[in-house]
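FYI, side chains are in, hydrogens and waters are out, and symmetry mates aren't considered; it's all heavy atoms of this structure. As the structure lists them, so they are numbered: ligands from 1, and atoms in each ligand from 1.
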Amino acid sequence: MKILVTGMCGYIGSHTVVELLQNNYEVVGLDNFSNSKREVLDKIKQITNKEFKFYEGDMLDKNILQTIFSENKIEAVIDFAAYKAVGESVQKPVEYYINNVSSVLNLLNVMKENDVKTLVFSSSATVYGNPEKVPIKETSKTGGTTNPYGTSKLFVEKILEDLYKSDNTWNICILRYFNPIGAHKSGLIGEEPNGIPANLVPYVTKVAKGKLEYLNVFGNDYNTKDGTGVRDYIHVVDLALGHVKAIEKLKKEKQGLYIYNLGTGTGYSVLDIINTFEKVNNIKVPYKIVERREGDIDSCYSNPEKAKKELNFTAKYTLEDMLKDAWNYEKNSH
Ligand code: WQD
């Protein structure tokens, strides 16, 4: 099966392409390198020793999409391409809605024109806003999003629901990610945010490497076991394997609209992350407790039962694996 992967050189896109190639799927990639590096292409080849096609370009450019579909017999699309920094989205809402919503509308149009209706869409647990209760099920209330990033993902989910209602020959799987962390065992690909990391784990690894002086822990007065924020961290390779399972599901079903949480079902606090990172990597991570970060919530973790039952997907890596692999990547990167 030949799959178009948009945002192929990104953190989750690159790890997913590795697993797709190793499962004998054919991959055609698209990336505009707005938050990724071209060298990732060589790393993917180094890891898999497999060939794939790649186009540099932007999903807002209908021509590049049309070229890809006319030059390749695309049978399915996995759409990762989006801006994803929560804090940045509050500062730049229009850029986020143009990039995260209009680009998908462009993609859907070209897919329809080429009669390709199989799509895996990269969504996020932020569509649940501040959850009423945890663990979160797919039937939990969505909305009340606290930033334009999360709202942009919610908008696209609504667009896909309306599309499916208008034409039920579409075959769509929406995946709601919790907190992806870690890196491929090879240490060749991993999380490489531009500038100062907004997310916890890449910040921790830069402190451990001495690139940043200490970690700011954003608040310890949350309603959690130790007062610091609790999240459902999932190994990025588990997340990638979840996408392979989603493609297999769509291949089997031929049509439908499916929504799954991709998480472990276990919540860990910021202090759990720091203590576990120090233990497994035998390295100190200095930190300071500071005030809360705008838009943060106390606790967010998944009920992963539906993906287990319907996708036969269960995350297998432990928190120790995730933090060992995250550190291994940081040590390997310049
Ligand atoms: C985790 C915890 C912070 C940084 C975001 C997006 C989500 C997904 C994952 C894209 C929180 C605390 C963090 C720091 C800290 N991204 N923290 N010091 O906010 O749960 O989710 O990233 O899909 O969509 O919303 O992740 O890693 O930023 O924060 O104390 O320097 O670590 O308060 O409790 P978050 P995060």
is_close_aromatic(F54, F33), centroid dist under 6.0 Å |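 Close enough - the centres of the two rings lie under 6.0 Å apart.
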
For the residue pair Y233 and F178, is the inter-centroid distance of their aromatic rings smaller than 6.0 Å?
->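 They do not qualify: ring centres at least 6.0 Å apart.
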
Can you sort out the partners of Y258 under ring-ring contact (aromatic ring centres under 6.0 Å, His included), two or more places apart, ordered by chain and number?
->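 With sequence neighbours excluded, Y258 shows a ring-ring contact (aromatic ring centres under 6.0 Å, His included) to no residue whatsoever.
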
Show the protein residues that qualify under the rule heavy atom under 4.0 Å from an atom of ligand 1, listing them in chain and number order.
->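 Correct list: K84, V86, S124, T126, Y149, N179, A198, N199, L200, L215, N216, V217, F218, G229, R231, Y233, V270, R293, D296.
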
Side-chain donor-acceptor pairs of residues 18-30 under 3.5 Å, sequence neighbours excluded:
unit_1	atom_1	unit_2	atom_2	d
N23	ND2	E19	O	2.7
N24	OD1	K50	NZ	2.8
Y25	OH	K251	NZ	3.3

Which atom pairs, one a donor and one an acceptor, fall under 3.5 Å between side chains of residues 68-81 and the rest of the protein, sequence neighbours left out?
unit_1	atom_1	unit_2	atom_2	d
S70	OG	Q66	O	2.9
S70	OG	T67	O	2.9
E71	OE1	Y55	OH	2.7
N72	OD1	K53	NZ	2.9
N72	ND2	Y55	OH	2.9
N72	ND2	I68	O	2.8
E75	OE2	K2	N	2.8
D79	OD1	T6	OG1	2.5
D79	OD1	A81	N	3.3

Answer yes or no for K245 and F313: cation-pi contact, defined as NZ/CZ to six-membered ring centre under 6.0 Å and angle to ring axis within 45°.
->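 That pair does not qualify as a cation-pi contact.
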
